[in-house]
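Taking it in order: structure first as structure tokens, then the write-up.
The sequence lines fix the lettering, A, B, ..., with proteins before strands; numbering per chain opens at 1.
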2 protein chains.
Amino acid sequence: MVTRVYGQFCGLARAMEMIGERWTLLIVRNLLIGPKRYTDLRTGLPDIPTNILSTRLKQLEQCGLAVRRALPYPERAVVYELTEYGRDIEPALIELGRWGARTLTEPRSGEVVTAESLAMSLRTTFRPDGALGPDFGCEVRVAGVIVHADLADAVLTTCPGPHPGPDLIIESRTATALRDLVRDGRWPEDALADGSLHVEGERTLLERFTMMFRL
Amino acid sequence: MVTRVYGQFCGLARAMEMIGERWTLLIVRNLLIGPKRYTDLRTGLPDIPTNILSTRLKQLEQCGLAVRRALPYPERAVVYELTEYGRDIEPALIELGRWGARTLTEPRSGEVVTAESLAMSLRTTFRPDGALGPDFGCEVRVAGVIVHADLADAVLTTCPGPHPGPDLIIESRTATALRDLVRDGRWPEDALADGSLHVEGERTLLERFTMMFRL
DNA sequence: CCGAATCCTGGTAGATACTG
DNA sequence: CAGTATCTACCAGGATTCGG
């Protein structure tokens with residue numbers, strides 16, 4: 001299935017043959033958040049052509065990064081999920097995302113924030129050394145997109161969707177307001193004052209949030 | 001210059017727009033080894049079409065990852081070198097290479113080992129915690145390709161070409177013999193016996209080598 | 001409605017030839 | 001040495017269609 005090759009006996013060349021084609025790594029990113037149905041992937045990647053998604057999923061299967069699984073009876077749906085090998089690419093993906101985020105200045109016209117990109121950016125900016133302290137759960141809303149994160153025993157989990165019982169809610173009118181929060185790490189007075197950032201929960205939790213997530 | 005976009009305000013999407021096209025990341029890998037002339041890049045990437053190399057170099061310049069520099073008088077040559085931002089991608093590239101190396105079983109027909117892929121694989125497999133002890137320099141030869149590595153103050157540097165005064169020389173007839181050495185980490189009796197591996201230098205240095213480099 | 005396959009168009013990669 | 005030019009083949013993008 002790998003038709004285009006690089007002709008080098010090299011780990012990086014092999015990696016690029018598997019995940020180097022357009023859209024592939026974004027599909028993997030969304031599958032890293034959790035198993036997804038075909039339609040979930042389409043809504044999570046609004047601009048992907050359906051035939052490309054179909055082709056990429058087959059390639060990911062063939063390379064052993066993902067499996068196609070039919071859910072048992074009552075569900076009767078198809079989900080795609082990563083294999084262990086597929087999940088093992090997460091550190092590389094995190095590093096790439098961290099590097100690419102350095103040029104994330106302003107959203108370009110038409111650019112959106114998706115639940116998966118937001119959830120992954122929380123994982124990307126997570127600093128274990130800033131996560132000391134008691135467990136807590138928070139919900140993050142950016143431009144209508146909602147994800148939640150849980151800190152349990154200094155381990156972070158992130159998922160799309162609202163939090164059942166959040167200790168902290170951070171709502172950001174724009175993507176840049178949240179990015180500035182995790183980039184600058186200082187008390188977001190201006191953003192809170194002008195309403196671009198809205199917070200519910202204890203003040204100390206917002207401080208912990210700014211320690212835990214840092215770009 | 002980034003014509004094809006993903007429409008997401010996301011660090012990973014930005015990264016893929018910059019380095020996601022075919023050949024780009026392999027060019028970056030070779031430039032991470034050191035500044036290179038156009039012809040050096042061609043010989044280091046034997047299968048790249050020359051027009052693609054030309055296009056990619058312009059894109060890398062435009063994205064701020066590389067600069068084109070005309071050497072001063074006596075040389076009168078052009079070199080391409082990474083900017084600081086370009087060099088900062090190395091951790092992501094290392095992670096990708098490490099992940100891809102898991103499927104490096106046998107070389108496929110026609111696949112070659114290049115000096116840059118070999119040098120980068122030494123950086124990829126380098127373990128700082130296995131590098132304790134006095135400095136030493138070594139030369140690694142695989143299937144006619146020669147690179148050298150220097151350990152100085154527990155910091156590794158790797159370059160193509162022979163070592164001026166190596167403490168250790170490891171010569172491998174095939175790429176797999178060297179890979180097995182850094183993968184298995186055990187004493188390579190079989191390889192030494194059947195001649196697929198040849199070593200010059202103190203025995204203890206070969207042991208240190210197998211501690212320093214581990215896949 | 002979900003999960004695709006098919007068709008068409010245009011752009012990009014690959015191969016080779018050529019040039020300042 | 002350091003590219004450009006040209007041609008072909010293939011892949012991505014977009015729309016539509018199709019089967020369960």
Think [X] has a side-chain N or O under 4.0 angstrom from the OP1 or OP2 of [N]?
| X | N | result |
| --- | --- | --- |
| A:S54 | C:dA4 | no |
| B:R22 | C:dT12 | no |
| B:R37 | D:dA2 | yes |
| B:K36 | D:dC1 | no |
| A:K58 | C:dA5 | yes |

- Ignoring hydrogens and angles, does a donor from either the side chain of A:N51 or the base of D:dG14 sit under 3.5 Å from an acceptor on the other?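 Counting by modelled atom types and ignoring angles, a donor-acceptor contact under 3.5 Å is found here.
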- Message: Quick check with a 6.0 Å cut-off and a 45 degree axis cone: is A:R22 positioned over the face of B:Y6's six-membered ring?
- Response: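 Yes, a cation-pi geometry holds between A:R22 and B:Y6.
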d([atom1], [X]; [atom2], [N]) in whole Å:
| X | N | atom1 | atom2 | value |
| --- | --- | --- | --- | --- |
| B:R56 | D:dG3 | CZ | C1' | 16 Å |
| A:R42 | D:dG13 | CZ | P | 13 Å |
| A:I27 | C:dA4 | CD1 | C1' | 14 Å |
| B:I48 | D:dT4 | CD1 | P | 14 Å |
| A:L53 | C:dA5 | CG | P | 11 Å |
| B:L45 | D:dG3 | CG | P | 15 Å |
| B:E17 | C:dT12 | CD | P | 14 Å |
| B:L41 | D:dG3 | CG | P | 10 Å |

Measure from the side-chain heavy atoms of [X] and tell me the nearest of [options].
| X | options | value |
| --- | --- | --- |
| A:T50 | D:dC11, C:dG11, C:dA4 | C:dA4 |
| B:R4 | C:dT12, D:dG3, D:dC1 | C:dT12 |
| A:R68 | D:dG13, C:dA4, D:dT4 | C:dA4 |

- Query: Starting at the 5' end of DNA chain C, which residue's closest nucleotide do you reach first, B:E21 or A:Y80?
  - Reply: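 Its nearest nucleotide being more 5', the pick is A:Y80.
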- Task: Would you kindly compare A:L57 and B:P49 by the position of their nearest DNA chain C nucleotide and give the one closer to the 5′ end?
- Result: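 Of the two residues, A:L57 wins.
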- Query: Would you call B:E116 and B:L45 a side-chain contact if the rule is heavy atoms closer than 4.5 Å?
  - Reply: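 They are not in contact (no side-chain heavy atoms under 4.5 Å apart), so the answer is no.
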- Does any non-hydrogen side-chain atom of A:L215 lie less than 4.5 Å from one of A:T124?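 Not touching, per the 4.5 Å side-chain cut-off.
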- Residue of the set B:R69, B:R37, B:R68 for which salt bridge (Lys or Arg N to Asp or Glu O under 4.0 Å) holds with B:E81: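 Of the listed residues B:R69, B:R37, B:R68, the salt bridge (Lys or Arg N to Asp or Glu O under 4.0 Å) partner of B:E81 is B:R69.
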- Indicate whether the side chain of A:Y38 and that of A:T50 have a donor and an acceptor atom separated by less than 3.5 Å.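 Side chains of A:Y38 and A:T50: pair found under 3.5 Å.
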